[in-house]
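This report refers to the structure that appears directly beneath it.
Chain letters run A, B, ... following the sequence lines, proteins first and then strands; every chain starts at 1.
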2 protein chains.
Amino acid sequence: MSTVENARAKAVTLRDVARAAGVSLSTASKALNGRADVRPETRRRVAETAERLAFRPNAAAQLLPTGRTGTVGLITSDLEGRFSIPILMGAEDAAGAGKMSVFLCDARDDTIRERYHLEALLSRRVDGIIVVGSRTDPRPSLGHDLPVPVVYVYAPSDSPEDLSLVPDNVGAGRLAVEHLLATGRRRIVHIAGDPTYAAARDRVEGVTAALAEHGLDLVGGRPPAYGAWSEAWGRTAARALLEAEPDVDGVVCGSDQIARGVLDALKDLGRRVPQDVAVVSFDNWEILATGSVPQLTSVDMNFESLGRMAARRLFAAVDGTRERGTLTQPCRLVVRGSTVVGA
Amino acid sequence: MSTVENARAKAVTLRDVARAAGVSLSTASKALNGRADVRPETRRRVAETAERLAFRPNAAAQLLPTGRTGTVGLITSDLEGRFSIPILMGAEDAAGAGKMSVFLCDARDDTIRERYHLEALLSRRVDGIIVVGSRTDPRPSLGHDLPVPVVYVYAPSDSPEDLSLVPDNVGAGRLAVEHLLATGRRRIVHIAGDPTYAAARDRVEGVTAALAEHGLDLVGGRPPAYGAWSEAWGRTAARALLEAEPDVDGVVCGSDQIARGVLDALKDLGRRVPQDVAVVSFDNWEILATGSVPQLTSVDMNFESLGRMAARRLFAAVDGTRERGTLTQPCRLVVRGSTVVGA
DNA sequence: CTGAAAGCGCTTACAG
DNA sequence: CTGAAAGCGCTTACAG
């Protein structure tokens, strides 16, 4: 049920408005832009005409003289993941209601594609570029001779000349442990994520540091169990750990996915969560964290806030205030039933 | 660890290139655009100069004379969900490597925001607009007097004057049932999603229609169990249904979330999946469908393909071939272990 | 083969 | 208070 046809209106231009209102181009422009020195009656007439013709100023032409485009490019390699979207939303918020429009480009972790999109964005004269990676490991810089500022988010640039914003995964590890300790747990294990990821290693670092500060260690002095970012790994590791250390009373999971697997295993083993064992994880991925029984206590990476900060830094750079280096942004613990009864 | 500083280069213009190469603006333009009537030596010199200065043509200025911008707007209300991203990727693919850049706008299911973004996009003179909704229920049209073509995806426009593309949820329901029947199941129940969603009702329609065609009905002739798009609903409903109809051998779940709850309940009840009961669902949301034991057989909505189609239709409309009405796109069954042993 | 000129849609000094 | 003119960065007939 669809029919074909031909159509297409031509965009209304300021010249059309001026002509219809019987004034010159410049007067029409001044009238619509609220500049002084226009007779009120004229201003009204032009405004009405513009309204009637549904005139929408051509943003590009409007900004041509200023050299700005009111446009930002967002190159991401994490479109299927969860980082870029909240970051985009934060950036949109920071820009302020519609002042700035965002080009979203999907680089798919491919250097060629990334380069390609970069060129396209520069051709479109974006005022600045945000680059979002899929992991917190440093990535190659896009270079320092670009005509517009660049901010790297989540995946930092490997060059100290660039500005990067990353979540504080070490701090996140600390948050998880401090919370377990606060709920009275002492025999804690850590089922970590993929060891090739800086995020996994940083979280481990935070976990062990926080324990050490309290004179504790991972149960049995065992090393953190690295594995994969998957439910399957959570299940496997939990079974093995609880066999080796039956009196565990707290589990820090490298991610919500891992935690879901851990919850399943604990249930199979007849352990009550949180009464017997408390479970805390990272990411706070809603769909996973709130679907389980009990729901997951999880450390949120604050992506949206990261996006807002990135956008603010980018706008500052566009205005001439450029920063360098890697900025770390704190994470935030969200408490639910897997660590506190009834939470 | 970050330092502040001031910087900013001015974008290189064609005039700069022409001057540096010692030719006129027009010659520089012709040389770079491969037009005939330029001495090879001149062409080479200009090209080298452009390269050396890292000249990037201003896309807006380049297209100004044509009236096109090589730009598309994507207004979505499903940024946190899963529809808009694959749709965006499909659209990007259809456009062809970087020919077209996409403005992504987040309407957040708010008419005001949507209107606002629409105006901003029109001001930026996008060549066309794709509107993505968060549910398949018809939504208000943006209007028919817009200067550029609009394609509605996932959420169709309520006006037959508009072009809309939606997944075939009725067909999806059929696919699910046909598959269960093919694996020998006959005593089938349906734990449906939120009844206020057309998607939930359409899937139910497909499920019952397919059963009827085989002379079957839902077990016990009971109505489909409508509820919510959640794991909790899946758990609750599965327990109730299996108590009422203990010999069920197949469950169609309204979504992967529901299916995850159903799997949990079946496990608690001691039913083996798929040996005793087969489970099939909709959406094929990787993170949910591949994390469970067994993994979920699920009907994929083909969002990426939907996005490609939308982009192609949009480009056709931009070129003057406009269609109207609602087009339905088939879904695709992905078989995994919840219906077939070892799949 | 090369370049001066007009035009794409706007804004902004600068005259009147 | 109003308008003619220049300019933002490019392309494209049109002269030379």
Side-chain angles (χ1 to χ4, degrees), chain A residues 9-47 49-50 53-71 120-127 147-148, chain B residues 9-47 49-50 53-71 120-127 147-148:
Chain A
K10 190 104 180 74
V12 176
T13 145
L14 182 59
R15 168 168 275 109
D16 300 330
V17 176
R19 187 149 26 202
V23 297
S24 76
L25 241 189
S26 14
T27 299
S29 171
K30 281 178 273 192
L32 292 178
N33 292 317
R35 324 205 96 249
D37 298 339
V38 177
R39 192 148 48 106
E41 147 63 12
T42 307
R43 187 189 303 284
R44 196 176 325 118
R45 186 153 38 92
V46 172
T49 311
L53 300 183
F55 168 68
R56 296 179 185 95
N58 181 323
Q62 216 166 7
L63 291 172
L64 241 189
T66 77
R68 298 261 173 102
T69 56
T71 271
L121 290 174
L122 292 175
S123 261
R124 299 213 181 274
R125 293 294 185 268
V126 292
D127 295 333
V148 298
Chain B
K10 191 106 182 68
V12 175
T13 145
L14 183 59
R15 169 168 275 107
D16 300 330
V17 175
R19 189 150 26 204
V23 298
S24 75
L25 242 189
S26 15
T27 299
S29 171
K30 281 178 272 192
L32 292 179
N33 293 316
R35 325 204 94 250
D37 298 338
V38 177
R39 192 149 47 108
E41 147 62 12
T42 306
R43 186 190 306 283
R44 196 176 326 120
R45 185 153 38 91
V46 173
T49 310
L53 300 182
F55 168 68
R56 296 179 185 94
N58 181 322
Q62 218 167 5
L63 291 173
L64 242 188
T66 76
R68 298 260 174 102
T69 57
T71 270
L121 290 174
L122 292 176
S123 262
R124 299 212 181 273
R125 294 293 186 270
V126 293
D127 295 333
V148 298

- Query: How many Å lie between CG on B:N58 and C1' on D:dG9, as a whole number?
  - Reply: 6 Å

- Item | Side chain of B:V38 (C-beta onward), nearest among C:dT2, D:dC10, C:dC10 | C:dT2

- Query: What side-chain hydrogen bond (donor to acceptor under 3.5 Å, both in side chains) pairs are there with at least one residue in residues 21-31 of chain B, not counting sequence neighbours?
  - Reply: B:S24-B:S26, B:S24-B:T27, B:S29-B:N33

- Let me see the working for A:V23 and A:T49 under side-chain contact (heavy atoms from CB on, under 4.5 Å), right down to the final yes or no. CA-CA 11 Å; A:V23 297; A:T49 311; over 6 Å; no

- Item | A:R56 side chain reached by A:V12 side chain, heavy atoms, under 4.5 Å | no

- Message: Measure NZ/A:K30 against P/D:dA4 and give the value in whole Å, please.
- Response: 11 Å

- Query: Nearest heavy-atom pair of B:A18 and B:A28: which atoms, and what distance?
  - Reply: CB-CB, 3.8 Å

- Just how far, in rounded Å, is P of D:dC14 from CZ of B:R35? 13 Å

- Task: Using a cut-off of strictly less than 4.0 Å, decide whether B:T13 has a side-chain nitrogen or oxygen near OP1 or OP2 of D:dC10.
- Result: yes

- Task: Specify the separation, in whole Å, of atom CZ of A:R56 and atom C1' of C:dG9.
- Result: 16 Å

- Under the rule of Watson-Crick or G-U wobble with both distances under 3.5 Å, where | means paired to another strand and [ ] a crossing pair, DNA chain D maps to |||.||||||||.|||

- 5'-most contact on DNA chain C (nearest-nucleotide basis), B:R125 vs B:S26, goes to B:S26

- Task: May I have the step-by-step check of side-chain contact (heavy atoms from CB on, under 4.5 Å) for A:L14 and A:L25, ending in yes or no?
- Result: CA-CA 7 Å; A:L14 182 59; A:L25 241 189; 3.7 Å; yes

- Less than 4.5 Å apart, any side-chain heavy atom of A:R45 and any of A:T42? yes

- Query: Does C:dC1 have OP1 or OP2 sitting under 4.0 Å from an N or O in the side chain of B:T27?
  - Reply: no

- Quick one: does B:T71's side chain have a donor or acceptor within less than 3.5 Å of a partner on B:V126's backbone? no

- Interatomic distance, A:E41 CD vs D:dT2 C1' [rounded to whole Å]: 14 Å

- Query: Looking only at side-chain N and O atoms, does B:T42 come under 4.0 Å of OP1 or OP2 in C:dT2?
  - Reply: yes

- Message: Does B:S29 reach a base, just sugar-phosphate, or nothing at all? Heavy atoms under 4.0 Å.
- Response: base

- Note on the structure: Rounded to whole Å, the CG-P distance (A:L122 to D:dC10) equals 13 Å

- Message: I need the CG-P distance between A:L25 and D:dA5, as an integer number of Å.
- Response: 12 Å

- Message: Side-chain N or O of B:R15 versus OP1/OP2 of D:dC10: is the shortest distance under 4.0 Å?
- Response: no

- Query: Expressed in whole Å, how much space separates the P atoms belonging to C:dC1 and D:dC10?
  - Reply: 25 Å

- Task: Measure from CG on A:L14 to C1' on C:dG7 and round the result to the nearest Å.
- Result: 16 Å

- Query: Is any side-chain nitrogen or oxygen of B:R39 closer than 4.0 Å to OP1 or OP2 of C:dT2?
  - Reply: yes

- Message: On the side chain of B:S24, is there an atom forming a donor-acceptor pair with the base of C:dA4 - under 3.5 Å, no angle test?
- Response: no

- Check for a donor-acceptor pair, side chain of B:R43 on one end and backbone N or O of B:R35 on the other, with a separation under 3.5 Å. yes

